[in-house]
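These notes are about the structure you will find just below.
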Amino acid sequence: CLSALHDIYTTTIAKERQHGTDYSFVLETLKQYLDSVSTELNHKTTHHDILPDDYLANRRHSGGIQFSIALFAFVRSLPVQRLFESHPWVRPLIDLVADISGLLNDILSYPKELKTYSRSQDEAVTVNLVHIKIKQGLTEKEALSECLDRYHQQLDAFQNILKTHHAEI
């Protein structure tokens, strides 16, 4: 895995030099992804409590959505940096896709994660927003409701950007 990531990094640098194209988005999202996965692993192994907003900020990157989009752009030689400059709404749209995916995953995977971990290992489920909210004192129903509300807010924000910039798509 590390070898593959190293190859992506060196190939990106070489391609950037060869074509004079800015692929900083690939390197930026690779770093964010690796940092966020490391943070998530740290929370899993240390059972360190995390605040919902801190979790969501990290979750945006740990799902790998942004890095996947960056890799797609890289493989297709798409000028992502120019796209961000000419259409500044694209980057927030990508962030919202990552947020929506992470929230939906947490909502849907929570019941499975409960079955995976016994009650004696309760802290092991800390990398799920539903569980984090329950640890803060909400009931399961309240936690799921809050997560679902946040999911719908992000989905509405995504749809509003699309409506606003429909003519540019």
Residue pair Asp35 / Asn58, side-chain heavy-atom distance below 4.5 Å
no
Here the gap from Tyr151 atom OH to Leu103 atom CG, rounded to the nearest 0.5 Å, amounts to 9.0 Å
Would you check if Val97 and Ser101 make a side-chain contact, meaning some heavy-atom pair closer than 4.5 Å? yes
Stepwise side-chain contact (heavy atoms from CB on, under 4.5 Å) check, Leu56 with Asp99: CA-CA 8 Å; Leu56 288 170; Asp99 293 347; over 6 Å; no
Those residues at least two apart in sequence (or on a different chain) that pass side chain to side chain donor-acceptor pair (under 3.5 Å) with Ser62 are Glu40
Rounded to the nearest 0.5 Å, the CG atom of Asp95 sits from the CD atom of Gln154 at a distance of 9.5 Å
* Asked: Side chains of Val127 and Asp106: closer than 4.5 Å at any heavy-atom pair?
  -> no
By side-chain contact (heavy atoms from CB on, under 4.5 Å), Asp149 pairs with (sequence neighbours left out) Ser145
Note to self: Between Phe67 and Leu71, does the side-chain contact (heavy atoms from CB on, under 4.5 Å) criterion hold? Intermediate values first, please.
What the structure shows: CA-CA 6 Å; Phe67 182 54; Leu71 279 178; 3.5 Å; yes
- Query: Going hydrophobic residue to hydrophobic residue with side-chain gaps under 4.5 angstrom, can you get from Leu114 over to Leu148?
  - Reply: yes
Can you check side-chain contact (heavy atoms from CB on, under 4.5 Å) on Leu129 and Arg59, steps first, answer last?
CA-CA 9 Å; Leu129 186 60; Arg59 183 72 165 104; over 6 Å; no
Across all chains, not counting sequence neighbours, the side-chain contact (heavy atoms from CB on, under 4.5 Å) partners of Ser109 are Asn105, Glu113, Asn128
**Prompt:** With a 4.5 Å heavy-atom cut-off, do Lys31 and Leu27 have their side chains touching?
**Reply:** no
Here the pair of heavy atoms bringing Val26 nearest to Thr29 is O-OG1, 3.1 Å
- Query: Would a hydrophobic clustering, with Ile, Leu, Val, Met, Phe, Trp and Tyr connected at side-chain separations under 4.5 Å, put Ile161 with Ile100?
  - Reply: yes
Heavy-atom donor-acceptor pair, Thr45 side chain to Leu41 backbone, under 3.5 Å = yes
With sequence neighbours left out, the residues meeting side-chain contact (heavy atoms from CB on, under 4.5 Å) with Leu144 are Ile107, Val130, Glu140
Residues at least two apart in sequence or cross-chain that pass salt bridge (Lys or Arg N to Asp or Glu O under 4.0 Å) with Arg150, listed by chain then number, are Asp53
* Would you check if there is a donor-acceptor pair between the side chains of Tyr55 and Asp49 at a distance under 3.5 Å? => no
Q. Can you check whether Thr139 reaches Ile134 side chain to side chain, under 4.5 Å on heavy atoms?
A. no
For Ile94, the side-chain contact (heavy atoms from CB on, under 4.5 Å) test, sequence neighbours excluded, returns Phe25, Gln66, Ile69, Phe84, Val90
Taking every heavy atom of Tyr33 against every heavy atom of His61, the minimum-distance pair comes out as CD1-O, 3.4 Å
So CD of Gln136 and CD of Glu142: to nearest 0.5 Å the spacing works out to 12.0 Å
For His43 and Ile50 the tightest heavy-atom approach is NE2-CD1, 3.3 Å
So CD1 of Ile132 and CG of Leu51: to nearest 0.5 Å the spacing works out to 9.0 Å
